[in-house]
Engineer: 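Handing you a structure now.
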Amino acid sequence: MTKKRTIDPAMIDNVAQNMFHILPLIKKRLLHMDLVQREHGTPLSHVQVLAMLNDVGTMSVSEISRRLGIAKPNITPLVDRLYESGYVDRQHDENDRRVVNIVLLEAGKEKLAAIRATISHQIQLQADGLSVSEFRELNESLSNVVRILSSL
């Protein structure tokens, strides 16, 4: 029988409070997605799909929907726009022709690389205000958050 662990309610409240604080700070201080969207004409949701396809490879619309936590009917028009822009293609699954997989095309990789370069530049500008040890700590902290949240 598995022993249920108890997490201190104060710690749960602290994590919730930190979440409320971190999201706007990331958007305002590191990402500036409004600038990215203006410069590249690409909403954050599109960037997320391009990045997932780049990292994972071919994915079905259902899998994209599940990973982003966005309803499948909302993902389909998003994928349609990426397809019309020439960033992705649709391919029928070899084992099940009913399944349509989304594949990142070279133009999508190039678009993602340009967006990542813009984001890296923004982070570089912000990093100038941090010491090397603070920047290292930021990097490690973000890596830990990604690792932990990915396991949920």
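Start at 1 with the first residue, then count along the sequence.
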Engineer: When Thr76 is tested against each of Asp80, Leu78, Asn74 for side-chain contact (heavy atoms from CB on, under 4.5 Å), which residue passes?
Structural biologist: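 It is Asp80; the other options fail the test.
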Engineer: So does Glu140 get a backbone contact from the side chain of Asn144, meaning a donor-acceptor N/O pair under 3.5 Å?
Structural biologist: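 The answer is yes, because a donor-acceptor pair under 3.5 Å joins these two groups.
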Engineer: First locate atom CG of Leu125, then atom CD of Gln122, and finally report the distance between them rounded to the nearest 0.5 Å.
Structural biologist: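 Atom-to-atom, Leu125:CG and Gln122:CD are 7.5 Å apart.
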Engineer: Going from CG on Asp89 to CG on Leu82, what distance comes out if it is rounded to the nearest 0.5 angstrom?
Structural biologist: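 So the CG of Asp89 and the CG of Leu82 are separated by 12.0 Å.
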Engineer: May I ask whether Leu23 and Val47 are part of the same hydrophobic cluster, defined by side-chain heavy atoms of I, L, V, M, F, W, Y residues being less than 4.5 angstrom apart, directly or through others?
Structural biologist: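 Yes, it is one cluster - the side chains of Leu23 and Val47 are joined through contacts under 4.5 Å.
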Engineer: How close do Ser60 and Val99 get, counting heavy atoms only, and between which atoms?
Structural biologist: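 The pair with the smallest heavy-atom distance is CB-CG1, 4.2 Å.
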Engineer: Could you give the distance from CG (Leu142) to CZ (Arg147), rounded to the nearest 0.5 Å?
Structural biologist: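 Reported value, rounded in 0.5 Å steps: 12.5 Å.
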Engineer: Does CD belonging to Glu94 count more than 12 external heavy atoms closer than 6.0 Å?
Structural biologist: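 No, the 6.0 Å shell around CD holds no more than 12 heavy atoms from other groups.
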Engineer: Does the side-chain contact (heavy atoms from CB on, under 4.5 Å) test come out yes or no for Ile102 and Thr58, once each step is laid out?
Structural biologist: CA-CA 6 Å; Ile102 309 304; Thr58 302; over 6 Å; no
Engineer: If you round to the nearest 0.5 Å, how far is NZ of Lys109 from CG of Leu105?
Structural biologist: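 Taking CG in Leu105 and NZ in Lys109, the distance rounds to 8.5 Å.
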Engineer: Output all residues satisfying side chain to side chain contact (heavy atoms under 4.5 Å, CB included) with His92, sequence neighbours left out; order by chain, then residue number.
Structural biologist: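 Scan of His92 (side chain to side chain contact (heavy atoms under 4.5 Å, CB included), adjacent residues dropped) gives Arg97, Val100.
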Engineer: Does Glu134 reach the main-chain N or O of Ser131 with its side chain, forming a donor-acceptor pair under 3.5 Å?
Structural biologist: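 Yes, because the side chain of Glu134 sits within donor-acceptor range (under 3.5 Å) of the backbone of Ser131.
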Engineer: Is the backbone of Glu137 close enough, under 3.5 Å, to the side chain of Ser141 for a donor and an acceptor to pair up by distance?
Structural biologist: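 Yes, Ser141 side chain to Glu137 backbone: donor-acceptor pair under 3.5 Å.
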Engineer: Does a donor on one side chain and an acceptor on the other come within less than 3.5 Å for Gln17 and Asp13?
Structural biologist: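 No, no side-chain donor-acceptor contact under 3.5 Å.
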Engineer: Do Val79 and Tyr87 have side-chain heavy atoms sitting under 4.5 Å apart?
Structural biologist: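 With C-beta onward as the side chain, the pair stays apart.
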Engineer: Within a 6.0 Å radius of atom CG on Leu35, are there more than 12 heavy atoms belonging to other residues, nucleotides or ligands?
Structural biologist: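 Buried by this count: over 12 neighbours within 6.0 Å.
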Engineer: Test side-chain contact (heavy atoms from CB on, under 4.5 Å) on Ile64 and Met52 and set out the steps.
Structural biologist: CA-CA 8 Å; Ile64 294 169; Met52 271 194 320; 3.8 Å; yes
Engineer: Which distance, rounded to the nearest 0.5 Å, do you find between the NE2 of His40 and the CG of Leu112?
Structural biologist: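 It is 10.0 Å, given to the nearest 0.5 Å.
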Engineer: Calculate, to the nearest 0.5 Å, the distance between atoms CD1 and CD belonging to Ile119 and Glu39 respectively.
Structural biologist: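 So the CD1 of Ile119 and the CD of Glu39 are separated by 10.0 Å.
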Engineer: Compare every heavy atom of Ala107 with every heavy atom of Gly86, then report the nearest pair and how far apart it is.
Structural biologist: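 Closest heavy-atom pair between Gly86 and Ala107: O-CB, 3.4 Å.
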Engineer: Tell me every residue that passes side chain to side chain contact (heavy atoms under 4.5 Å, CB included) with Asn95, counting only those two or more places apart in sequence or in another chain.
Structural biologist: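 Side chain to side chain contact (heavy atoms under 4.5 Å, CB included) list for Asn95, sorted by chain: Asp93.
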Engineer: Yes or no on side chain to side chain donor-acceptor pair (under 3.5 Å) for Asp128 and Gln124, after CA distance, side-chain angles and deciding distance?
Structural biologist: CA-CA 6 Å; Asp128 288 343; Gln124 176 63 49; 3.0 Å; yes
Engineer: For residues 66-73, run the donor-acceptor check on the side chains, cut-off 3.5 Å, and write out each pair with its distance to 0.1 Å, sequence neighbours left out.
Structural biologist:
from  : atom 1 : to    : atom 2 : distance (Å)
Arg66 : NE     : Glu63 : OE1    : 3.3
Arg66 : NH2    : Glu63 : OE1    : 3.3
Arg66 : NH2    : Glu63 : OE2    : 2.7
Arg67 : NE     : Glu63 : OE2    : 2.7
Lys72 : NZ     : Ser62 : OG     : 3.4

Engineer: Hey, does Val56 have a side-chain heavy atom less than 4.5 Å from the side chain of Met59?
Structural biologist: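 Yes - at least one pair of side-chain heavy atoms lies under 4.5 Å apart.
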Engineer: Taking Lys111 for the side chain and Leu50 for the main chain, is one N or O donor matched with an acceptor at less than 3.5 Å?
Structural biologist: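 Absent.
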Engineer: Can you name the nearest heavy-atom pair linking Ile148 to Ser151, along with the distance?
Structural biologist: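 Ile148 and Ser151 have their closest heavy atoms at O-OG, 2.7 Å.
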